[in-house]
Protein chains: 2
Amino acid sequence: MKHLLKTFKIAVNEKTYVKDPDSSELGKKIVENSILMIQEMGFESFTFKKLGDKIGSNESSIYRYFENKHKLLLYLTSWYWGWLEYQLVFSTNSISDPEEKLEKAIALITRPVEMDASFEHINEMLLHQIVVNEYSKSYLTKEVDTENKEGYFEIYKRLITRMFEMIVAVNKDYPYPHSLASTVLEGVLHQYFLREHFPTLTDCNNQVTPTQYFTHLVFNSLKASTYG
Amino acid sequence: MKHLLKTFKIAVNEKTYVKDPDSSELGKKIVENSILMIQEMGFESFTFKKLGDKIGSNESSIYRYFENKHKLLLYLTSWYWGWLEYQLVFSTNSISDPEEKLEKAIALITRPVEMDASFEHINEMLLHQIVVNEYSKSYLTKEVDTENKEGYFEIYKRLITRMFEMIVAVNKDYPYPHSLASTVLEGVLHQYFLREHFPTLTDCNNQVTPTQYFTHLVFNSLKASTYG
DNA sequence: TAGCTTTTGATAGTAATACTATTATTTTTG
DNA sequence: CAAAAATAATAGTATTACTATCAAAAGCTA
């Protein structure tokens, strides 16, 4: 995907970082290599000490950018959702037919991630893997309500709301548009996870895409006026 | 729910424990109080040391029952899925009509949990909360493939397979029965979570139940022969 | 380019976690 | 009652997740 502006920036909640990692080389190195390391060793094993060693920098320097690894995860995943939202808006904006628009939106949200050369220090495909494997951990915490109030999940919520609006535009009488939107957003991560680790629990594989499954799911839910 | 046999026992993978917690008073105390504590403070803050203090027992004694808290979580969640599976089989067994059977199955899986007096040391409602908040963490790990091979997720997989079979029995031409089954099982936990922490992202509330939403979702997917 | 500010690095230190090992004590049971 | 099993107590280790302090380097500015 090509951007018109070279200086285009994904805006994430400023509370996720102490110092904007986009503002320095070290900051970008922290983000770039944290993506590589979290994907490689998993969020649990990942530490700022190890990251410091890897980038030839000091643990204490990393703490000047992110309070802790939880906040870093919030930063990375917010960035991902912001990036996805940008693509969603960009590519559905001009479509006026509601069904076509929703179909396009589902395709975009469920498709395999492609690299985006606009952000040199971010490997979007690895970041997608991180979102699949770790995103739930960012909200399945005792602090979720506080953090929600502080706006850490705004982008994700906005994305779901956009899907909600597109669903309503197709069928204003469908009774569960919020739940359907959140099911798709969360469900697609789950199907990608299952395809990798529990292939017998999903139909998604080399022949069948998550896009086909979720398109079928959503449109048949919306066509129906019976049941429930 | 009443059982005919007082000695009825949910069978979980023996590898989850070092010594069967059902085999002693201390074991039952560990299980009972770990449920209370994990629900209260969250899995991350929960430690064997704190549990030991709470039950007036020693940390080292707890290690003789469970290798670590991850294994304890696998034990607790496996127990929950085993308990749910038992209820599912029990209450759908006698139903011959496939649609009615599937409808009953969805209702059971999506309904709010009721207490079961057969297991005195287990608070099923709190355990359900734990499954909602922590289950993903048991498989979103770097060890998932090894642990899957070792059978730690067998009961959950069997539950999904049972749902899969019921779906196929209703419509053998539906192209995504595995994905639909896994979406319902995982999605219902998610909807319960959203209802609690992100009410704007779900339609489930005091008026609308997860059962209604998922019943609608599944049956309209199965009725359709078009799309996708 | 000297001098000031900002950034980064190095070192040290703390409380807690997640264990393991050993030994002592209590409880069970044959 | 003795032996075995279970539990408790204590100590110890490596690692984590930080915080604090000070030194060095880089950048910027008069």
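Residue numbers start from 1 in every chain, and the chains themselves are labelled A, B, ... in the order their sequence lines are given, proteins ahead of strands. The figures that follow rest on heavy atoms only: side chains count, while hydrogens, waters and symmetry mates do not.
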Counting the atoms with a prime plus P, OP1 and OP2 as sugar-phosphate, which does Tyr65(A) contact under 4.0 Å by heavy atoms, base, sugar-phosphate, or nothing? sugar-phosphate
Its contact letters, B for base, S for sugar-phosphate only and - for none at protein heavy atoms under 4.0 Å, make nucleotides 12-22 of chain D read ----SSBB---
Quick one: Leu26(B) CG to dA5(D) C1', roughly how many Å, whole number? 13 Å
Which word best sums up how the rings of His128(A) and Tyr192(A) line up, parallel for under 30°, tilted for 30 to 60°, or perpendicular for over 60°? perpendicular
Please report whether the ring centroid of Tyr213(B) lies less than 6.0 Å from that of Tyr176(A). yes
For atom CD1 of Ile62(B) and atom C1' of dT20(C), their distance in whole Å: 15 Å
Using residues 151-166 of chain A as the side-chain source, report each donor-acceptor pair under 3.5 Å to any protein atom, sequence neighbours left out, with the distance given to one decimal.
residue: Lys157(A); atom: NZ; partner: Asn148(A); partner atom: OD1; Å: 2.8
residue: Arg158(A); atom: NE; partner: Glu85(A); partner atom: OE2; Å: 2.8
residue: Arg158(A); atom: NH2; partner: Glu85(A); partner atom: OE1; Å: 2.7
residue: Thr161(A); atom: OG1; partner: Lys157(A); partner atom: O; Å: 2.8
residue: Arg162(A); atom: NE; partner: Glu85(A); partner atom: OE2; Å: 2.8
residue: Arg162(A); atom: NH2; partner: Glu85(A); partner atom: OE2; Å: 3.1

Quickly work out the Leu51(B) CG to dA16(C) P distance and round it to whole Å. 18 Å
Criterion salt bridge (Lys or Arg N to Asp or Glu O under 4.0 Å) on Lys71(B) and Glu67(B), from CA distance to verdict: CA-CA 6 Å; Lys71(B) 289 280 171 73; Glu67(B) 261 182 71; 3.0 Å; yes
Looking at Lys69(A), I'd like to know if its NZ atom is crowded, meaning that more than 12 non-hydrogen atoms belonging to other residues, nucleotides or ligands lie closer than 6.0 Å. yes
Please determine whether a side-chain nitrogen or oxygen atom of Lys19(A) lies at a distance below 4.0 Å from atom OP1 or OP2 of dT7(C). yes
Whole-Å gap separating C1' (dA26(D)) and CD (Glu25(A)): 14 Å
Verify side-chain hydrogen bond (donor to acceptor under 3.5 Å, both in side chains) between Glu25(B) and His121(B), making sure each step is shown before the conclusion. CA-CA 10 Å; Glu25(B) 280 314 302; His121(B) 65 300; over 6 Å; no
